[in-house]
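A short worksheet on the structure shown next.
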Amino acid sequence: MTTLKNDTFIKALLKQPTDYTPIWMMRQAGRYLPEYRQVREQAGSFMAVCTNPELACEVTLQPLRRFAFDAAILFSDILTIPDAMGLGLYFTEGEGPKFKNPIRTATDIEKLPIPDPEIELRYVMDAVRLIRKNLEGSVPLIGFSGSPWTLATYMIEGGSSKNFAKVKGLMYDQPALMHQLLDKIAQSVAAYLNAQIAAGAQAVMLFDTWGGMLSGDDYREFSLYYAQQVRSLLKTEIDGQRIPTILFTKGGGLWLEDMAATGYDALGLDWQTDIGQARARVGDKVALQGNLDPMALYAKPEVITEKVKTILQKYGNGSGHVFNLGHGILPDINPEHVKAMVDAVHEHSRIYHSIPQ
């Protein structure tokens, strides 16, 4: 097991004392960087980068050459699992992801295979192995997956959706069928994340992008329950090292107490949730990750610094905070504004870690 030169991110997730608040950024490897856009243009498409371990490794490392992030995150997509199930993922410019073979019937669900991560998704595992090798223990590597509910929304809708009519229609009209689908996806997600851990991921995150569009009862039954199922199946220790887990539900601020009871080490917060209030609500049960509004990165560096300081102050003293955006960075953000955020977190967070815990 490679000894990490910088394990601040791991320690913060496990609520262990740190010298400062660590930071990484959702979508930190990607389209806001000119060097990424160059790689993508040469590769020909987004999926051509995702499915090429060498290119996925390169774009994973690119932001770390520019900024002092405390973690790397695997460059991939949340829809690799449905693609490996045979749904035929493709991307349309300006419209996002689509599936050639969306889920429409009970027979479609019954036919769905649970992919073998080292066969159908071998390119992801090879990328994880290559990234770990090239990181040389500098910072930890985060693996990830979409949540069962979020994957189900894309699989049933056939792509992005404004009102989620098809997936909600199935959920309300045939709940047993929806549970059958979600159970199969949860098994697939757990196998996928366990394979990433075996390949070298040192923390894993579950992205529940669309859980927040459910009512409270439906969220607990159709989203959170399966996120908890995934967590129960994860092998969170390897070679004596603990593998922290993060659950992020966009729009999930209403249900933090329920989320904190699922067994994940940390909860991601979107920008609409006050981090000080969130900490008061969950206490010492979990670490918190977040939660600067991604739009704040359009501001001048000095404004970004003040926004960072406010979030740090609201979280307060002690460990258990990983700084991040409240959602992914937007493609037209000036990279210099990212640097301003990273530098501000590292500079201004130390005062909150100088008190004995």
Side-chain angles (χ1 to χ4, degrees), residues 13 23-32 73 76-82 96-97 142-157 159-165 167-168 171 182 185-186 189 193 203-228 230-231 245-262 264-275 277-279 281-282 286-297 311 321-331 333:
L13 289 178
I23 177 172
W24 70 280
M25 182 176 71
M26 287 185 274
R27 293 190 188 141
Q28 74 182 24
R31 53 196 180 166
Y32 71 104
I73 183 165
S76 187
D77 191 79
I78 64 168
L79 299 179
T80 52
I81 289 176
I142 306 165
F144 72 91
S145 173
S147 73
W149 169 257
T150 290
L151 296 186
T153 66
Y154 286 102
M155 293 165 72
I156 294 169
E157 296 288 340
S160 301
S161 175
K162 290 184 179 179
N163 58 20
F164 301 93
V167 66
K168 281 192 166 185
M171 178 186 80
L182 289 167
I185 299 173
V189 167
L193 289 175
V204 291
M205 181 162 171
L206 196 71
F207 284 91
D208 185 27
T209 310
W210 299 123
M213 40 73 70
L214 292 167
S215 70
D217 288 342
D218 292 332
Y219 172 73
R220 283 181 278 271
E221 180 177 353
F222 293 98
S223 180
L224 193 62
Y225 175 83
Y226 291 97
Q228 188 167 11
V230 170
R231 177 62 189 87
T245 56
I246 309 164
L247 172 62
F248 173 65
T249 294
K250 184 172 179 284
L254 293 169
W255 311 304
L256 294 180
E257 293 86 352
D258 293 321
M259 294 166 68
T262 56
Y264 286 84
D265 296 294
L267 302 181
L269 303 176
D270 64 27
W271 69 93
Q272 295 172 299
T273 303
D274 183 285
I275 196 168
Q277 294 175 12
R279 188 181 189 189
R281 287 167 60 189
V282 301
V286 289
L288 295 174
Q289 180 175 275
N291 65 337
L292 183 69
D293 186 341
M295 298 289 186
L297 293 182
I311 289 172
H321 181 203
V322 173
F323 202 98
N324 207 313
L325 299 177
H327 202 238
I329 185 172
L330 295 152
I333 294 294

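Along the sequence shown, residues are numbered consecutively beginning with 1.
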Do P148 and V230 have side chains that get closer than 4.5 Å, going by heavy atoms? yes
Looking at R281 and G253, would you say the former's side chain and the latter's main chain have a donor-acceptor pair under 3.5 Å? yes
Restricting to non-hydrogen atoms, name the atom on T262 and the atom on R231 that form the minimum distance, rounded to 0.1 Å. O-CG, 3.7 Å
If you look at every heavy atom in W255 and G211, which pair is closest and at what distance? CZ3-O, 3.9 Å
Whether N291 side chain and T273 backbone form a donor-acceptor pair below 3.5 Å: yes
Is there a side-chain contact (heavy atoms from CB on, under 4.5 Å) between L214 and K168 once you walk through the steps? CA-CA 9 Å; L214 292 167; K168 281 192 166 185; 4.2 Å; yes
side-chain hydrogen bond (donor to acceptor under 3.5 Å, both in side chains) with R31: which residues, sequence neighbours excluded? none
Identify the residue among D208, T249, T209 that makes a side chain to side chain donor-acceptor pair (under 3.5 Å) with T150. D208
Please tell me if the side chains of L325 and L297 come closer than 4.5 Å, counting only heavy atoms from C-beta onward. yes
Quick check: do L206 and T245 have side-chain heavy atoms less than 4.5 Å from each other? no
Minimum heavy-atom separation for Q228 to A261, with atom names? NE2-O, 3.9 Å
Return the minimal non-hydrogen interatomic distance between S145 and I78, and the atom names on each side. C-CG2, 4.4 Å
Any side-chain heavy atom of L330 sitting closer than 4.5 Å to one from M295? yes
Can you measure from CZ (R279) to CG (D274) and round to the nearest 0.5 angstrom? 12.5 Å
Test your reading of the model: is there a side-chain donor-acceptor pair from Q272 to the backbone of G252, 3.5 Å cut-off? no
On a heavy-atom basis, the closest approach of G326 and P294 is N-CD, 4.2 Å
From CD1 (I156) to CZ (F164), nearest 0.5 Å: 11.5 Å
From CA spacing to verdict: side-chain contact (heavy atoms from CB on, under 4.5 Å), E221, M171: CA-CA 10 Å; E221 180 177 353; M171 178 186 80; over 6 Å; no
L151 versus L79: any side-chain heavy-atom pair under 4.5 Å? yes
Let's go through F144 and M26 carefully: what are the C-alpha distance in whole Å and the side-chain angles of both, what is the deciding distance for side-chain contact (heavy atoms from CB on, under 4.5 Å) to 0.1 Å, and is it a yes or a no? CA-CA 11 Å; F144 72 91; M26 287 185 274; over 6 Å; no
Can you list the steps and then say if I329 with Q28 is a side-chain contact (heavy atoms from CB on, under 4.5 Å)? CA-CA 7 Å; I329 185 172; Q28 74 182 24; over 6 Å; no
Heavy atoms, side chains only, cut-off 4.5 Å: are F248 and H327 in contact? yes
When you measure from the side chain of D270 to the backbone N and O of K250, does any donor-acceptor pair fall under 3.5 Å? no
Looking only at the side chains, is there a donor atom on one of D77 and T80 sitting less than 3.5 Å from an acceptor on the other? no
After noting the C-alpha distance and the side-chain angles of W149 and Y219, does the key distance pass the side-chain hydrogen bond (donor to acceptor under 3.5 Å, both in side chains) rule? CA-CA 9 Å; W149 169 257; Y219 172 73; over 6 Å; no
Could you tell me whether Y225 atom OH has more than 12 heavy atoms of other residues or ligands within 6.0 Å of it? no
Restricting to non-hydrogen atoms, name the atom on L13 and the atom on A287 that form the minimum distance, rounded to 0.1 Å. O-CB, 3.6 Å
With a 4.5 Å cut-off on side-chain heavy atoms, are Y154 and P97 touching? yes
With rounding to the nearest 0.5 angstrom, report the OG to CZ distance, S147 to F222. 14.0 Å
Kindly indicate whether the side chain of M205, heavy atoms from C-beta on, has any atom under 4.5 Å from the side chain of I73. no
Distance from I23 atom CD1 to N324 atom CG, nearest 0.5 Å? 7.0 Å
